[in-house]
Amino acid sequence: MFEIYVPLLRGQGEWRAVEAVHVDGRRYRIIGTMPQDEEWEFLPGEEVECETTEVEEGKNALAAVRVMRVPL
């Protein structure tokens, strides 16, 4: 189990720490549930690519930057 950050849709620059499982390389699958009063850019169950990003002033962490699409 890992902690990654996902951007909130309300309020630019705000992040939420969420639980994720490592899939491969920089890929993680978001697990858990999203609180009813929040909207995340990436949803539970989605596989996302993560990069080290400043999530708070002076704090860098793994953050989801894009959804990984599986080719058909």
Side-chain angles (χ1 to χ4, degrees):
M1 199 83 59
F2 291 85
E3 180 179 83
I4 65 171
Y5 285 76
V6 295
L8 298 176
L9 291 180
R10 296 182 205 161
Q12 280 188 335
E14 293 185 38
W15 299 87
R16 173 66 60 222
V18 301
E19 291 184 340
V21 292
H22 184 244
V23 175
D24 184 46
R26 298 187 305 174
R27 292 174 70 154
Y28 293 80
R29 181 177 297 110
I30 299 169
I31 59 173
T33 57
M34 181 173 45
Q36 289 183 353
D37 62 338
E38 290 184 358
E39 292 182 70
W40 299 349
E41 184 173 340
F42 306 109
L43 303 175
E46 290 185 321
E47 284 188 17
V48 294
E49 182 177 357
C50 291
E51 296 177 355
T52 301
T53 302
E54 186 175 52
V55 295
E56 295 175 13
E57 189 172 329
K59 179 179 180 178
N60 291 328
L62 278 179
V65 294
R66 69 188 56 84
V67 171
M68 301 303 297
R69 304 274 184 226
V70 177
L72 298 176

Handout entry: Contact check, side chains of Met68 and Arg29, non-hydrogen atoms, under 4.5 Å
Key = no
Exercise for the section: Tell me whether Met34 is reachable from Ile4 by hopping between hydrophobic residues (I, L, V, M, F, W, Y) whose side-chain heavy atoms are closer than 4.5 Å. Expected result: yes
Handout entry: Atom pair CD (Glu46) and CZ (Arg66), whose distance is rounded to the nearest 0.5 Å
Key = 14.0 Å
Exercise for the section: Report the residues that fulfil side chain to side chain contact (heavy atoms under 4.5 Å, CB included) with Glu54, sequence neighbours left out, ordered by chain and then residue number. Expected result: Asn60
Exercise for the section: Not counting sequence neighbours, which residues clear salt bridge (charged side-chain N to carboxylate O under 4.0 Å, His left out) with Arg16? List them please. Expected result: Glu38
Completion exercise
Heavy-atom closest pair (Gly32 atom, Pro44 atom, distance to 0.1 Å) is O-CB, 3.2 Å
Exercise for the section: Determine, using the 4.5 Å side-chain heavy-atom cutoff (strictly less than), whether Leu8 and Val67 are members of one ILVMFWY cluster. Expected result: yes
Problem - Student check: side-chain heavy atoms of Ile30 and Phe42 closer than 4.5 Å - result: yes
Fill in the blank from the handout: Heavy-atom nearest pair, Trp15 first then Ala64, reads CZ3-O, 4.1 Å
Completion exercise
Interatomic distance, NE2@His22 vs CE@Met1, rounded to 0.5 Å, equals 14.0 Å
Practice task
Would you mind reporting whether Tyr5 and Lys59 have side-chain heavy atoms less than 4.5 Å apart?
Solution key: yes
Handout entry: Student check: side-chain heavy atoms of Val48 and Val6 closer than 4.5 Å
Key = no
Problem - Co-membership, hydrophobic cluster, residues Val21 and Leu62, 4.5 Å side-chain - result: no
Practice task
Flag yes if Trp40 and Tyr28 sit in one hydrophobic cluster, no otherwise; membership is Ile, Leu, Val, Met, Phe, Trp, Tyr, and two members link when side-chain heavy atoms are under 4.5 Å apart.
Solution key: yes
